[in-house]
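Please read the structure below before turning to the comments.
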2 protein chains.
Amino acid sequence: MSEGTEGAGTTTRERIVDATAALLRRQGYDGTGVKQIAREAGATLGSLYHFFPDGKEQLAVAALRRDSENYTALLREALDSSDDPAEAVAACALSLAERLRESDWRDGCLVAAAALENVGRSPTIQVAWKESLAVWQEQIAARLRACDVRPEIADDTACTVLSTLEGAEVLSRITSDDKPLRTAAGYLGTLVTTVCSLG
Amino acid sequence: MSEGTEGAGTTTRERIVDATAALLRRQGYDGTGVKQIAREAGATLGSLYHFFPDGKEQLAVAALRRDSENYTALLREALDSSDDPAEAVAACALSLAERLRESDWRDGCLVAAAALENVGRSPTIQVAWKESLAVWQEQIAARLRACDVRPEIADDTACTVLSTLEGAEVLSRITSDDKPLRTAAGYLGTLVTTVCSLG
DNA sequence: TACTTGATAGATCGATCGTTCTAATGTCGA
DNA sequence: TCGACATTAGAACGATCGATCTATCAAGTA
């Protein structure tokens with residue numbers, strides 16, 4: 001076997017998952033082929049279907065689980081970056097902007113990139129995507145509750161913050177400009193300030 | 001020829017554009033086949049390539065132009081529905097929620113549904129998508145300027161409003177629940193109120 | 001040494017992809 | 001009636017799709 005310069009993952013399975021996540025982020029679900037995944041991972045089709053007998057759907061869910069952890073970590077870091085919850089939420093948007101800019105607007109949120117194609121088509125994928133969104137929303141809500149925001153208000157606020165983050169990322173990618181995310185950072189800050197001041 | 005029960009468009013070209021728009025909304029770009037478009041439009045491949053010799057990309061751009069008008073009309077109606085700019089912007093989110101719910105979470109924004117797949121791949125499509133976003137942003141910004149909001153502030157606010165609308169629609173479609181859009185409506189209202197009160 | 005099992009390798013399947021092609025059909029004015 | 005042109009019709013192309021298949025290889029156990 002010719003072990004060339006390979007990605008981070010050591011095992012074949014890890015390399016496949018990593019490659020899937022990267023390709024789904026850039027090309028979406030329908031735009032990514034199983035053979036392309038195998039090629040990119042330095043694996044063969046046989047290995048791929050050995051580890052993921054249920055095929056592309058199982059592959060996508062596994063990739064999401066992996067990628068979701070990255071996003072959770074990014075959010076955690078940003079949310080803990082300041083004592084001021086407004087600054088903390090704004091930092092989330094700015095972190096996304098930075099990551100996006102550094103990758104030439106290619107590496108965005110996997111959920112956003114490969115979501116709508118499967119709405120009403122693959123329940124498995126739709127549920128997994130929904131779960132990731134719920135985790136992120138709860139993460140933001142918890143940060144707000146820590147500032148004495150009432151639980152229901154915290155949930156609603158977190159929901160809209162997440163909507164704005166995802167939407168601003170889409171706009172930033174389409175326009176190849178981080179302005180939507182940077183602008184959103186400012187408005188999300190004032191939004192959180194308002195919510196917190198209300199108790 | 002068997003003229004069955006056909007869609008709204010009279011001419012073949014119109015039926016093709018309408019079918020393309022409907023399918024792109026539901027399935028995205030890569031998920032929609034040219035042959036499927038022709039079938040859905042009640043046209044043949046020959047007719048399709050006669051009117052759209054540049055193929056799928058040209059087809060997508062034409063469909064966007066058509067669909068963009070629909071969205072522009074929806075925004076105009078919502079933005080004119082109230083003298084209060086906050087209520088007007090909130091009405092945009094509620095209109096999107098209603099349309100989405102009525103179509104069982106299928107008919108969303110074409111731009112959002114078929115955008116990310118072509119980022120960094122088809123400049124033609126990316127430019128067209130960008131233009132639609134600019135039109136909608138200007139539409140919202142104009143509504144804010146009419147309430148004596150300073151032009152730069154109006155632009156930034158409109159940008160974030162658009163981000164939130166698109167993002168909330170994505171979340172609503174994934175979760176099959178209009179809560180993200182309805183919640184966003186409330187927060188966008190308070191956001192606009194804050195912006196307007198600052199002069 | 002035999003046997004089992006996890007993993008790798010890639011040919012092959014039928015279906016569909018976007019596109020091109022030729023031929024036929026309909027609709028005009030001359 | 002005739003050509004000119006717009007439109008329709010669908011076969012065909014090479015490529016790729018997701019998935020299945022058999023065969024081989026490597027490591028561990030008896």
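From a predicted model like this one, the values you see are computed outputs, not experimental measurements. All chains are named by letter (A, B, ...) in the order of the sequence lines, taking the proteins before the strands, and each is independently numbered beginning at 1.
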Review item, side-chain donor-acceptor pairs of residues 153-163 of chain A, under 3.5 Å, at least two apart:
residue	atom	partner	partner atom	Å
T157(A)	OG1	I153(A)	O	2.7
T157(A)	OG1	Y187(B)	OH	2.5
S163(A)	OG	C159(A)	O	3.2

Practice task
Measure the distance from NZ on K35(B) to P on dC17(D) and round it to the nearest whole Å.
Solution key: 16 Å
Problem - Least distance between heavy atoms, S176(A) atom then Q126(B) atom - result: OG-NE2, 3.4 Å
Exercise for the section: Assign G46(B) to base, sugar-phosphate, or nothing according to its heavy-atom contacts below 4.0 angstrom with the strands shown. Expected result: base
Exercise for the section: May I have the distance from D30(B) (atom CG) to dG18(D) (atom C1'), rounded to whole angstrom? Expected result: 15 Å
Handout entry: Whole-Å distance separating the CD1 atom of I125(B) from the P atom of dG18(C)
Key = 12 Å
Practice task
Could you go through the side-chain hydrogen bond (donor to acceptor under 3.5 Å, both in side chains) check for R65(A) and S68(A) one step at a time?
Solution key: CA-CA 5 Å; R65(A) 306 258 191 248; S68(A) 184; over 6 Å; no
Counting only pairs under 3.5 Å, give me each side-chain donor-acceptor contact of residues 34-49 of chain A, with atom names and distances, residues two or more places apart or in other chains.
residue	atom	partner	partner atom	Å
T44(A)	OG1	S47(A)	N	3.4
T44(A)	OG1	S47(A)	OG	3.4

Practice task
Check each residue of residues 50-58 of chain A for a non-hydrogen atom within less than 4.0 Å of any atom in DNA chain D, then write out the ones that pass by number, or none.
Solution key: G55(A), K56(A)
Handout entry: I16(B) CD1 - dT7(D) C1' separation (whole Å)
Key = 11 Å
Practice task
Could I get the full list of side chain to side chain contact (heavy atoms under 4.5 Å, CB included) partners for D80(B), not counting sequence neighbours?
Solution key: R76(B)
Exercise for the section: Ignoring backbone atoms, test whether T12(A) places a side-chain nitrogen or oxygen under 4.0 Å from the OP1 or OP2 oxygen of dT8(C). Expected result: yes
Problem - Nearest-nucleotide pick for S47(A), side chain only, options being dT8(D), dT20(D), dT8(C) - result: dT8(C)
Handout entry: Value in whole Å for how far the P atom of dA15(D) lies from CD of Q36(A)
Key = 17 Å
Practice task
Could you list by number each residue of residues 111-120 of chain A showing a heavy-atom separation from DNA chain C of less than 4.0 Å, or answer none if no residue does?
Solution key: none
Handout entry: Of R99(A), R173(A), R26(A), the residue whose pairing with D107(A) passes side-chain hydrogen bond (donor to acceptor under 3.5 Å, both in side chains)
Key = R26(A)
Handout entry: Atom-to-atom span, CG of L45(A) to C1' of dA23(D) - whole angstrom
Key = 15 Å
Problem - Candidates dG18(C), dA9(C), dG18(D) - which lies nearest the side chain of V34(A) - result: dG18(D)
Problem - Nearest-Å distance for atom pair OH/P, residues Y49(B) and dA23(C) - result: 21 Å
Problem - Side-chain touch Y29(A)/E57(A), heavy atoms, less than 4.5 angstrom - result: yes
Problem - Under the ring pair (Phe, Tyr, Trp, His ring centres under 6.0 Å) test, residues paired with W136(B) that sit two or more places apart - result: Y71(B)
Fill in the blank from the handout: dist L116(A):CG -> L24(B):CG (nearest 0.5 Å) comes out at 12.5 Å
Handout entry: Distance, rounded to the nearest Å, where L48(B) contributes CG and dT7(D) contributes P
Key = 14 Å
